[in-house]
2 protein chains.
Amino acid sequence: MEVITDNSRSQMRKGVLEYCILSVLDRKESYASSLIEELKAANMIVVEGTIYPLLIRLKNQGVLSYRWEESTQGPPRKYYCITDKGRMMLLQMDKEWNEMVKTIETLRK
Amino acid sequence: MEVITDNSRSQMRKGVLEYCILSVLDRKESYASSLIEELKAANMIVVEGTIYPLLIRLKNQGVLSYRWEESTQGPPRKYYCITDKGRMMLLQMDKEWNEMVKTIETLRK
DNA sequence: TTTAATACCTTGTATCGCAAAGTAGTAAAA
DNA sequence: TTTTACTACTTTGCGATACAAGGTATTAAA
């Protein structure tokens with residue numbers, strides 16, 4: 001039973017991660033390790049092997065950009081911030097998300 | 001731009017299809033072609049290549065069962081219905097879904 | 001100089017959604 | 001009777017994603 005449950009949980013999250021990451025970065029820029037913590041605080045678990053390739057994809061699509069910044073506590077950090085294109089995409093995702101919430105409500109009333 | 005949008009739309013839907021299908025079948029049993037129509041009516045587009053393997057997976061997990069029924073309009077139909085295990089899974093999915101809606105609200109306010 | 005902590009990156013695997021092509025039963029048209 | 005059209009179920013192969021696991025590199029403290 002746990003297997004099925006865990007699977008449905010992780011499956012449901014697929015494709016929503018992008019939306020979550022853009023949402024966080026829309027408020028303030030951040031770097032991967034910090035992003036992971038912020039998402040965890042909002043109950044959305046992500047791991048490194050997921051987030052690094054995803055950030056690179058989003059950057060290659062032009063919805064994110066980054067700059068290096070020195071840290072006083074370790075190696076330099078790659079701070080990502082959302083671009084104008086990213087903000088446009090986020091608005092589109094809001095629409096898609098709201099439609100999906102309505103769809104589920106329709107099916108599950 | 002369309003590419004990104006289409007991609008984010010289809011990605012967001014990943015993993016939610018199971019939830020939609022169980023929701024429909026929780027109301028009444030149905031067969032694949034009919035399910036596709038019912039989901040389309042609720043704004044959730046699915047195609048054959050997606051739904052047939054998914055129904056088989058859910059049946060193998062024991063959350064669905066099926067029976068053959070003759071049709072007056074063509075070949076026999078495979079009517080799927082939800083099992084007790086499926087109803088338990090559906091309740092769990094309700095929980096997961098509501099948590100995810102809250103998570104998104106938290107991140108995107 | 002070794003250890004611990006932080007941070008970024010890559011590889012390999014499993015799974016999913018989907019386009020496309022295939023199989024087969026039924027009924028109506030030629 | 002054969003062909004065509006419609007319905008329905010199935011399979012194959014591809015692209016994309018999430019993740020476990022392992023790797024590289026910087027900094028500071030022991």
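In what follows, chains are A, B, ... by sequence order, proteins preceding strands, each numbered from 1. Only this structure's heavy atoms are used, side chains among them; waters, hydrogens and symmetry mates stay out.
Thr72(B) comes within contact range of the sugar-phosphate backbone alone, with a heavy-atom separation under 4.0 Å but no base atom that close. Contact annotation for Thr50(B): base contact, defined as any heavy-atom pair under 4.0 Å involving a base atom.
Annotation: of the two residues near DNA chain D, Lys78(B) and Gly74(B), the 5′-most nearest-nucleotide partner is Gly74(B). Comparing Pro75(A) and Tyr66(A), the nucleotide of DNA chain C nearest to each residue sits closer to the 5' end for Pro75(A). Residue Leu54(B) is the one, among Glu48(B) and Leu54(B), whose nearest nucleotide of DNA chain C lies closer to the 5' end (criterion: closest heavy atom). Mapping Val16(A) and Trp68(B) onto DNA chain D via the closest heavy atom, the residue that lands nearer the 5' end is Trp68(B).
Rounded to whole Å, the distance from CD1 on Ile36(B) to C1' on dC9(D) is 10 Å. What separates NZ of Lys59(A) from P of dC9(C) is a distance of 10 Å, to the nearest Å. Straight-line distance from the CD atom of Glu69(A) to the C1' atom of dC8(C): 16 Å, rounded to whole Å. In this structure, CD of Glu18(B) is placed 12 Å from C1' of dG17(C), rounded to the nearest angstrom. Between the CD atom of Gln73(B) and the C1' atom of dC9(D) there is a distance of 17 Å, given to the nearest Å. Atom CD of Glu37(B) is separated from atom P of dC6(D) by 15 Å (rounded to the nearest Å). A straight line from OH of Tyr80(B) to P of dC9(D) spans 8 Å, rounded to a whole angstrom. Summarising the geometry, the separation between CD on Gln61(B) and P on dT15(C) is reported as 11 Å, rounded to the nearest angstrom.
No donor-acceptor pair closer than 3.5 Å links the side chain of Lys59(B) to the backbone N or O of Tyr80(B).
Residues Ile56(B) and Leu22(B) share a hydrophobic cluster, clusters being chains of Ile/Leu/Val/Met/Phe/Trp/Tyr side chains in contact below 4.5 Å.
Applying the side chain to side chain donor-acceptor pair (under 3.5 Å) test to pairs two or more places apart or on separate chains, those with a residue in residues 97-106 of chain B are Arg9(A)-Glu99(B). Residue pairs that meet the side chain to side chain donor-acceptor pair (under 3.5 Å) test with at least one member in residues 39-58 of chain A, sequence neighbours left out, do not exist here.
A distance below 6.0 Å separates the ring centres of Tyr31(A) and Tyr79(A).
Using a cutoff of 4.0 Å between basic side-chain nitrogens and carboxylate oxygens, Glu38(B) and Arg27(B) are not scored as salt-bridged.
For Arg57(A) and dA18(D), the shortest distance from a side-chain N or O to OP1 or OP2 is below 4.0 Å. Within the structure, a side-chain polar atom (N or O) of Tyr31(A) is placed less than 4.0 Å from OP1 or OP2 of dA7(C). Distances shown here put every side-chain N or O of Tyr52(A) at or beyond 4.0 Å from the OP1 or OP2 atom of dT10(C).
Closest to the side chain of Arg13(B), from the set dA7(C), dC18(C), dA20(D), is dC18(C). When distances run from any side-chain atom of Arg77(A) to the nucleotides dC9(D), dA18(D), dT6(C), the shortest one goes to dT6(C). Closest to the Glu70(B) side chain, of the nucleotides dT26(C), dA18(D), dA7(C), is dT26(C). Among the nucleotides dT17(D), dC19(D), dT10(D), the one closest to the side chain of Ile56(B) is dT10(D).
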